[in-house]
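Values below: every heavy atom of this structure, side chains too, minus hydrogens, waters and symmetry copies.
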Amino acid sequence: MITPQITSASSVDRRRTDEFQRWLLGATVVAAGAELLILRVFTRTAIHIPGFADLRTIYVPISEAGRSAYYVAVVLLTVTLVLMIEDLHRGRAIAARAGAAGIALFLFVAVIARLGAVDALALDGATLAAVLLLAPWALGGFHGRSRVPAVLLVAAFVLAGIGASEQALAGSGWTLGHDTWVALGGEVLALGAAVAAPLLVGPIRNRSALAWGVVVGATTYAGLLANASTVKILMLWNFGLAGYLPSVLYGLAAGAATYTIVALRAAGQRTLALGMALVFIGGIGLHSTYQTGLVLAGFAVLGAAEGSDRAGSQPAVIGGA
């Protein structure tokens with residue numbers, strides 16, 4: 001009688017832990033999304049509006065709300081990454097444990113970089129190593145056509161990261177001189193991943209998701225047509241996209257990514273939707289430690305999301321098999 005009771009109690013505790021992790025993941029996406037819209041988009045756009053400086057009574061409270069969202073997102077993301085290390089390390093799969101090592105490496109180097117013990121280039125190298133260690137886990141849960149956007153996302157981040165690292169080396173004499181072409185390749189892959197993202201959903205049936213995709217895509221395209229220089233600066237700062245390609249492709253990519261996340265959520269594939277949201281909010285390249293952390297968390301989630309969501313079950317958010 002004792003053994004079944006222990007097993008039952010253990011199962012209940014695990015379910016509670018899983019529920020907390022899912023809540024934490026959702027809260028991280030909400031906070032990061034708010035930070036993106038308020039701090040990285042609104043405040044950076046408002047300064048270009050003539051006469052907006054006179055509306056400080058509106059700007060200041062909104063800007064402070066964005067900063068608060070950023071701090072909340074950083075705390076939630078840090079806790080999320082630490083829990084992911086534990087979950088992945090507990091998994092029996094080699095890919096899961098390699099992913100845990102990748103996240104741990106990133107967090108360790110990020111901390112010592114913050115303390116001034118290593119430079120930004122060392123952090124860039126650790127970040128790329130972390131992504132490569134996570135890649136087998138991130139891609140392992142996908143099969144067939146659904147693997148296409150996942151592969152493109154990982155490849156885009158790696159290629160853009162290499163380009164950013166080459167730019168950092170430009171003044172040292174070690175650069176290979178291919179940073180622009182590498183960055184362009186990363187951008188092409190990133191747009192391809194966004195455009196291919198609906199493969200995760202299947203046939204387009206959700207009209208609400210389609211409507212959201214059309215609105216976001218059309219707004220992005222219209223913004224590029226109206227003020228390409230400002231929008232491209234925002235894309236570079238926020239997502240690592242320099243705007244090399246025709247404007248219509250960015251509108252299409254933004255619309256497809258939005259449709260995919262909304263449609264996945266509506267279809268009950270919440271974990272997969274959250275993973276994709278984290279990656280898209282973080283962007284490609286090496287913008288900041290915070291944004292890179294979002295991408296790593298997204299890749300970790302993607303490795304577990306495909307199988308668990310499509311099976312209709314609610315296993316651990318990360319837990320390895």
Modelled atom types, side-chain donor and acceptor of Asp87 and Gln21, under 3.5 Å:
yes

Kindly say whether Gly283 contributes a backbone atom to a donor-acceptor pair with the side chain of Gln291 at under 3.5 angstrom?
no

Just do the side-chain contact (heavy atoms from CB on, under 4.5 Å) check on Leu25 and Arg22 with the steps written out, would you?
CA-CA 5 Å; Leu25 189 61; Arg22 278 190 289 274; 5.6 Å; no

Is there a path of hydrophobic side-chain contacts, each under 4.5 Å between heavy atoms of I/L/V/M/F/W/Y residues, joining Val231 to Val41?
yes

Looking at Leu77, is its backbone amide N or carbonyl O close enough to the side chain of Tyr290 to form a donor-acceptor pair, meaning the two atoms are under 3.5 Å apart?
no

Just so I know, are the side chains of Phe157 and Thr292 near enough to count as touching, which here means a heavy-atom distance under 4.5 Å?
yes

Please say yes or no: joined through hydrophobic side-chain contacts below 4.5 Å, possibly via intermediate residues, are Leu128 and Val111 part of one cluster?
no

Search all heavy atoms of Ala160 against all heavy atoms of Ile284 and return the closest pair with its distance.
CB-CD1, 3.8 Å

Salt bridge or not between Glu64 and Arg67? Use side-chain N to carboxylate O under 4.0 Å.
yes

Please report the closest heavy-atom contact between Pro136 and Leu132, naming both atoms and the distance.
CD-O, 3.3 Å

Quick one: does Arg270's side chain have a donor or acceptor within less than 3.5 Å of a partner on Arg265's backbone?
no

Side chain Ser146, main chain His143, donor-acceptor under 3.5 Å
yes

Please check if the number of heavy atoms outside Leu37 that lie under 6.0 Å from its CG is greater than 12.
yes

Tightest non-hydrogen contact, residues Leu189 and Ala156, listed as CB-CB, 3.7 Å

When Val29 is tested against each of Ile261, Leu24, Leu278 for side chain to side chain contact (heavy atoms under 4.5 Å, CB included), which residue passes?
Leu278

Taken to the nearest 0.5 Å, the spacing of Ile162 CD1 from Asp124 CG works out to 11.5 Å

Would you say the side chain of Val279 lies within less than 4.5 Å of the side chain of Met276, judging by non-hydrogen atoms?
no

Output the distance between atom OH (Tyr250) and atom CE (Met235), rounded to the nearest 0.5 Å.
5.0 Å

Nearest 0.5 Å, please: how far is CH2 in Trp212 from OG1 in Thr258?
9.0 Å

Distance-only, no hydrogens or angles: does the Asn206 side chain make a donor-acceptor pair with backbone N or O of Ala263 under 3.5 Å?
no

Specify the closest pair of heavy atoms between Met84 and Ile103, including all atoms of both residues, with the distance to one decimal.
CB-CD1, 4.1 Å

As a quick check of understanding, evaluate side-chain contact (heavy atoms from CB on, under 4.5 Å) for Leu123 and Val118, giving each step before the final call.
CA-CA 7 Å; Leu123 179 57; Val118 297; 5.6 Å; no

Closer than 3.5 angstrom, by distance alone: can the side chain of Arg147 be matched with the main-chain N or O of Phe142 as a donor-acceptor pair?
yes

For the pair Lys232 (side chain) and Gly243 (backbone), establish whether a donor and an acceptor sit closer than 3.5 Å, ignoring hydrogens and angles.
yes

Ring centre gap for Phe239 and Phe280 strictly below 6.0 Å:
no

How long is the span from the CG atom in Leu241 to the CG atom in Leu191, to the nearest 0.5 Å?
6.0 Å

Leu107 vs Ile85, test: side-chain contact (heavy atoms from CB on, under 4.5 Å). Steps then yes/no.
CA-CA 10 Å; Leu107 287 178; Ile85 293 173; 3.7 Å; yes

Looking at Trp137 and Ala300, would you say the former's side chain and the latter's main chain have a donor-acceptor pair under 3.5 Å?
yes

Between the CG atom in Leu245 and the CG atom in Leu252, the distance rounded to the nearest 0.5 Å is 12.0 Å

Do you know the tightest heavy-atom contact between Val148 and Ala196?
CG1-CB, 4.2 Å

Leu152 with Leu139, same ILVMFWY side-chain cluster at under 4.5 Å
yes

Same apolar cluster (I L V M F W Y, side chains within < 4.5 Å links), Leu264/Leu210:
yes

Which pair of non-hydrogen atoms, one from Ala129 and one from Leu105, has the smallest distance, and what is that distance?
CB-CD2, 3.9 Å

same_hphob_cluster(Leu234, Tyr70) at 4.5 Å side-chain heavy-atom cutoff
no

Check whether any side-chain heavy atom of Leu249 sits under 4.5 Å from a side-chain heavy atom of Val195, and report yes or no.
no

Could you measure the distance from the OG1 atom of Thr28 to the CH2 atom of Trp23? Nearest 0.5 Å is fine.
8.0 Å

